[in-house]
*Asks:* 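Okay, here's the structure, questions in a sec.
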Amino acid sequence: MKNIVIFASGAGSNAAAIIRHFNDGSLARVNAIFCNNPKAGVLGIAEEAGISAEVFSREELRSGKVLEKLQDYQPDLIVLAGFLWMMPHDIINAYNGKIINIHPALLPKFGGKGMYGMNVHKAVVDQGETESGITIHYVDEHYDSGDIIAQFKVPVGPDDTCDTVSAKVRQLEHKHFPSVIEKLLS
Ligand code: GRF
């Protein structure tokens, strides 16, 4: 049984999709959700699913406290699903090649600092892109720059708005992220 630890900062719809996907408990399970925002919706998802939730501050992330806690859960894979802070070097070094992230655009375009949530979809629409999508990639010391694992695309038409693009991309995330994780753990 492989252990998945999720880091999230927001609503947690991706975390919910991943938890559902591994619910049959054969290959892997989500055994903890780490969160930097005590008000995040993902904490409600963890509670409903009976999954341990670890809320932490910037200082605890920086000081190595989060790494210590993380080791208790013996993660085989660390999944960033809407986690908005940089992962510190100590965690990246301790779990090199075992940390992945999902970005709601086709990297390397529309990535980097400040490119998250609706900012991404707004930039895609404003620049008249004809497609968008998701990128699942390994995490390194920079925002959105690790090796790409998988990308999935959706068309963007002239009538699309940042809201309609966001909805299409969100659907892609929930459809593909869990199965990409499953493949990585198989
Ligand atoms: C998703 O758009 C994901 O691509 C990005 O952050 C968002 C997380 O959404 N990294 P949710 O909290 O999983 O609903």
Side-chain angles (χ1 to χ4, degrees), residues 4-23 28 30-49 51 53-56 61 77-88 91-92 98-126 129 131-154 156 160-182 184:
I4 299 166
V5 169
I6 294 175
F7 277 70
S9 305
S13 70
N14 278 282
I18 295 163
I19 291 165
R20 261 196 315 275
H21 183 85
F22 291 99
N23 235 350
V30 176
N31 65 338
I33 289 186
F34 278 62
C35 182
N36 62 323
N37 169 5
K39 296 194 184 66
V42 73
L43 295 174
I45 287 171
E47 195 182 342
E48 241 161 73
I51 292 172
E54 302 287 351
V55 180
F56 58 86
L61 184 63
L77 189 66
I78 296 170
V79 175
L80 309 192
F83 182 62
L84 295 181
W85 291 355
M86 272 302 282
M87 281 305 254
I91 295 181
I92 290 177
K98 291 183 174 178
I99 311 176
I100 65 172
N101 179 50
I102 185 166
H103 184 74
L106 297 173
L107 294 176
K109 293 174 83 172
F110 306 108
K113 203 158 170 44
M115 270 297 174
Y116 59 86
M118 289 311 263
N119 305 351
V120 177
H121 308 305
K122 198 176 169 321
V124 164
V125 170
D126 290 351
E129 297 291 319
E131 63 179 14
S132 190
I134 60 173
T135 303
I136 297 165
H137 62 93
Y138 287 104
V139 170
D140 63 15
E141 279 81 9
H142 311 287
Y143 274 114
D144 303 327
S145 71
D147 292 344
I148 290 177
I149 299 166
Q151 288 192 310
F152 300 91
K153 297 180 179 182
V154 282
V156 176
D160 269 308
T161 64
C162 52
D163 288 327
T164 59
V165 173
S166 170
K168 287 196 266 192
V169 166
R170 187 60 46 100
Q171 264 186 338
L172 272 191
E173 293 173 348
H174 299 169
K175 179 163 179 255
H176 293 293
F177 202 13
S179 34
V180 167
I181 291 168
E182 181 170 339
L184 289 174

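Every heavy atom of this structure was used, including side-chain atoms; hydrogens, water molecules and symmetry mates were not. All ligand and atom numbering here is 1-based and tracks the order in the structure.
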*Asks:* Report yes or no: does G12 have a heavy atom closer than 4.0 Å to ligand 1?
*Replies:*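 A heavy atom of G12 does come that close to ligand 1.
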*Asks:* Do H174 and S13 meet the criterion of a side-chain donor-acceptor pair at a distance under 3.5 Å?
*Replies:*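 Note: H174 and S13 side chains meet the donor-acceptor criterion.
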*Asks:* Say whether S9 and N36, considering side chains only, have a donor N or O and an acceptor N or O under 3.5 Å apart.
*Replies:*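 On atom types as modelled, these side chains qualify, holding a pair under 3.5 Å.
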*Asks:* If you count the atoms of ligand 1 from 1 in the order shown, which ones are under 4.0 Å from a heavy atom of A11?
*Replies:*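 Listed by number with element, the hits are 12 (O), 14 (O).
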*Asks:* Write out the residue and atom name of the closest protein heavy atom to atom 8 (C) of ligand 1, then the distance separating them to 0.1 Å.
*Replies:*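 Of the protein heavy atoms, G82 CA, 3.6 Å lies nearest.
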*Asks:* State whether the shortest distance between N or O atoms of S13 and N or O atoms of ligand 1 falls below 3.5 angstrom.
*Replies:*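 Yes: some nitrogen or oxygen of S13 is under 3.5 Å from one in ligand 1.
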*Asks:* Any nitrogen or oxygen of I102, main chain or side chain, under 3.5 Å from a nitrogen or oxygen of ligand 1?
*Replies:*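 Yes; the residue has a nitrogen or oxygen that sits under 3.5 Å from a nitrogen or oxygen of the ligand.
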*Asks:* For atom 13 (O) of ligand 1, what's the nearest protein heavy atom and its distance?
*Replies:*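 It is N14 N, 2.8 Å.
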*Asks:* Is any side-chain heavy atom of E131 closer than 4.5 Å to one of V124?
*Replies:*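 Not in contact.
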*Asks:* Counting heavy atoms only, which of M118, M115, E173, H174 comes nearest to atom 3 (C) of ligand 1?
*Replies:*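 Checking each option, the heavy atom nearest atom 3 (C) of ligand 1 is found in E173.
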*Asks:* Which class fits the ring pair F83 and F7: parallel under 30°, tilted 30 to 60°, perpendicular over 60°?
*Replies:*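 Taking F7 first and then F83, their aromatic rings stand perpendicular (interplane angle over 60°).
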*Asks:* Search all heavy atoms of A8 against all heavy atoms of A81 and return the closest pair with its distance.
*Replies:*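 Result for this residue pair: CB-O, 3.4 Å.
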